[in-house]
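Below, chains carry the letters A, B, ... as their sequence lines are ordered, and counting in each starts from 1.
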Amino acid sequence: MPELPEVETVRRGLERGVVGRRIADVEVRHPRAVRRHELGADDFAALLAGRRIDAARRRGKFLWLPLDSGDALVGHLGMSGQLLLVDPSHADGPHLRIRFRFEDQALELRFVDQRTFGGLAVAAGGALVPASLAHIALDPMDPAFDDDAFVAAVRRRRTGLKRALLDQTVVSGIGNIYADEALWRARLHWARPTETLPRQDVLRLLTAVREVLTDAIAAGGTSFDALYVNVNGQSGWFDRSLDAYGQENEPCSRCGTPIVRERFTNRSSFRCPRCQPVPRRPRY
DNA sequence: CCTGCCGCCTGCGCGC
DNA sequence: TGCGCGCAGGCGGCAG
C-alpha cells in the first residue's frame with residue numbers, strides 16, 4: 001500500500017499490534033525481501049531474534065520499528081507490500097516473504113508482497129531516523145516540515161511540477177495518486193515549470209497536499225483491490241473520494257468537464273483540462 | 001552536480 | 001481457450 005496515507009494506516013496498526021512485544025524468531029521465505037539488508041537473511045534474522053519493538057515510526061512511505069538493541073527494523077512496502085497481523089494457525093499465502101513470531105505466541109507479523117518491490121532491513125540508529133533514510137525528505141505531516149524550505153526546494157528544481165512532487169528528496173510520502181489529487185485541488189497542471197512557479201502557487205499546492213493526505217488517512221487510505229490493506233487485512237475507502245486519479249471521462253466534480261488521462265513517465269496522469277490548463281511553457 | 005530513464009517483479013484484464 | 005500485451009499506489013542505480 002504505497003503512499004503516505006496507506007503507510008500511516010499500517011503504522012498505526014503496528015503501533016497497536018506489535019509495540020512492546022518481543023520477537024521470538026524470524027523466518028525469511030524469499031531472499032529478495034531482505035535485499036537491502038547487506039549482510040543477508042541469516043544476519044537479518046539474528047539481529048531481530050530476542051529484540052523488543054519499542055515504537056512504530058514513519059517518514060514518507062518508509063516505516064521503521066526502533067528496537068531495544070538500538071537498531072531499527074526498516075521497511076518499505078513498494079508497490080504491493082503488506083504487513084499483516086495474523087493468527088499463527090492461519091495458512092500461509094503464496095506471497096508470504098517474511099514471518100515474525102513473538103515470544104507471547106499471539107498474532108504473528110507477516111510481510112506479504114506479490115511484486116517484491118518492497119523489503120525490510122535492520123539498520124543502525126533507530127531512535128531518531130535510521131541512517132539509511134537520511135536522504136529522504138521530511139513529509140508534509142511531520143511537525144518539523146519547513147514550508148519555506150519546501151518552496152525553495154521546488155523552485156530550485158528545473159523540471160515539471162509533478163516530477164518535483166514525486167521526488168522523495170524534495171518532499172516525501174506523495175505518489176501517483178495523491179500527486180494528481182493535490183494538483184487537482186490546487187488547480188495546477190502537472191507540467192508547470194517549477195523554477196518559475198509563483199511562491200503562492202507552491203504554498204497552495206502544499207496546503208492541498210496536506211488536505212488530501214489528511215482526508216485519505218481518515219478514510220484508511222485508498223484501496224483499488226485487495227493488495228492494499230491495513231494490518232488486519234481491511235481496505236481503505238478513499239477511492240470513493242478521488243477527484244482526478246483514475247477518473248478518466250468522469251465529469252470534474254468542480255466544473256463538469258471530463259477528466260483526461262495522459263502519459264507521464266511511462267505511467268498515467270489524470271487532470272481536469274479546464275481547471276488545470278496546459279501552461280504556456282510546459283516541462284515534461 | 002542534476003535530471004530522467006530503466007530495470008526490477010507478479011498478476012490481471014483486454015483484444016485478437 | 002489461449003496468448004501476448006499493456007498496465008499497476010514503488011525505488012535505486014546509472015547515463016547523459
Side-chain angles (χ1 to χ4, degrees), chain A residues 1-10 29-38 58-63 74-83 93-97 111-121 123 132-137 139 152-183 190-191 193-195 209 212-213 216-217 219-230 235-242 244-248 261-270 282-284:
Chain A
M1 330 176 62
E3 304 184 46
L4 187 153
E6 294 76 35
V7 178
E8 174 60 16
T9 301
V10 171
R29 303 287 301 265
H30 195 307
R32 197 174 140 76
V34 294
R35 69 193 179 286
R36 301 277 166 220
H37 188 88
E38 303 283 343
R58 180 188 56 71
R59 173 180 284 190
K61 306 172 197 173
F62 282 88
L63 286 165
V74 181
H76 197 290
L77 302 176
M79 291 285 268
S80 57
Q82 305 173 335
L83 285 164
H95 304 117
L96 173 65
R97 308 305 185 194
F111 179 64
V112 174
D113 190 8
Q114 178 190 103
R115 292 176 68 184
T116 72
F117 286 170
L120 304 180
S132 57
L133 270 54
H135 63 115
I136 301 296
D139 65 63
V154 168
R155 302 191 64 191
R156 202 181 303 130
R157 301 294 309 272
R158 304 180 82 257
T159 188
L161 184 53
K162 185 170 173 181
R163 287 184 190 276
L165 265 189
L166 295 176
D167 184 338
Q168 306 295 301
T169 68
V170 172
V171 53
S172 68
I174 304 164
N176 209 29
I177 294 178
Y178 299 107
D180 281 3
E181 292 302 304
L183 289 165
W190 52 267
T194 48
E195 67 269 35
V209 165
V212 72
L213 295 178
I217 290 168
T222 301
S223 308
F224 296 126
D225 55 44
L227 282 185
Y228 305 97
V229 294
N230 67 16
S235 294
W237 59 90
F238 193 71
D239 59 304
R240 280 166 253 174
S241 304
L242 295 174
Y245 188 86
Q247 306 305 303
E248 185 178 21
R261 173 193 190 131
E262 294 159 324
R263 295 300 298 170
F264 168 80
T265 324
N266 282 327
R267 47 217 301 218
S268 296
S269 248
F270 300 86
R283 289 194 72 124
Y284 303 107

Exercise for the section: Round to the nearest Å and state the distance from A:Glu248 atom CD to C:dG6 atom P. Expected result: 17 Å
Practice task
Check side chain to side chain contact (heavy atoms under 4.5 Å, CB included) between A:Ala137 and all other residues, then give those that pass, not counting sequence neighbours.
Solution key: none
Fill in the blank from the handout: With B for base contact, S for sugar-phosphate-only contact and - for none (protein heavy atoms under 4.0 Å), nucleotides 1-9 of chain B reads --SSSS-BB
Practice task
For A:Tyr178, answer base if it contacts any base atom (sugar-phosphate contacts may also be present), sugar-phosphate if it contacts only those atoms, and nothing otherwise; contact means non-hydrogen atoms under 4.0 Å.
Solution key: nothing
Handout entry: Set of salt bridge (Lys or Arg N to Asp or Glu O under 4.0 Å) partners for A:Asp113, sequence neighbours left out
Key = none
Problem - All side chain to side chain contact (heavy atoms under 4.5 Å, CB included) counterparts of A:Arg32, not counting sequence neighbours - result: A:His30, A:Arg35, A:Thr116, A:Phe117
Handout entry: Qualifying salt bridge (Lys or Arg N to Asp or Glu O under 4.0 Å) pairs, either residue in residues 169-178 of chain A, two or more places apart
Key = none
Practice task
Only counting residues at least two apart or in another chain, list the ones meeting side chain to side chain contact (heavy atoms under 4.5 Å, CB included) with A:Arg240.
Solution key: A:Trp237
Practice task
With sequence neighbours excluded, tell me which residues meet salt bridge (Lys or Arg N to Asp or Glu O under 4.0 Å) with A:Asp167.
Solution key: A:Arg157
Fill in the blank from the handout: Read 5' to 3' with Watson-Crick or G-U pairs under 3.5 Å, [ ] for crossing pairs and | for partners on another strand, DNA chain C gives .|||||||.|||||||
Exercise for the section: Please measure how far the P atom in C:dC14 lies from the corresponding atom in B:dC9, and state the result in whole Å. Expected result: 15 Å
Could I get a table of every N or O pair under 3.5 Å where one atom is in the protein and the other is in nucleotides 12-15 of chain C?
{"residue": "C:dG12", "atom": "OP1", "partner": "A:His135", "partner atom": "NE2", "Å": "3.4"}

Exercise for the section: Using the test salt bridge (Lys or Arg N to Asp or Glu O under 4.0 Å), find all partners of A:Lys61 that sit at least two apart in sequence or belong to another chain. Expected result: none
Handout entry: Side-chain (A:Glu3) to main-chain (A:Gly175) donor-acceptor, under 3.5 angstrom
Key = yes
Practice task
Could you check whether A:Arg35 gets within reach of a base, just the sugar-phosphate, or nothing at all, counting any heavy atom under 4.0 Å?
Solution key: nothing
Completion exercise
note: A:Phe264, atom CZ; C:dC7, atom C1'; distance rounded to Å ~ 16 Å
Fill in the blank from the handout: Sorted by chain and residue number, the salt bridge (Lys or Arg N to Asp or Glu O under 4.0 Å) partners of A:Arg261 (sequence neighbours excluded) come out as A:Glu248
Completion exercise
Sorted by chain and number, sequence neighbours left out, side chain to side chain contact (heavy atoms under 4.5 Å, CB included) with A:Ala164 holds for A:Thr159, A:Thr194
Handout entry: Interatomic distance, A:Leu120 CG vs C:dC11 P [rounded to whole Å]
Key = 15 Å
Exercise for the section: Would you indicate whether the side-chain heavy atoms of A:Gln82 and A:Val10 approach each other to under 4.5 Å? Expected result: no
Exercise for the section: Check the distance between C:dC11's P and A:Arg59's CZ and give it to me in whole angstrom. Expected result: 14 Å
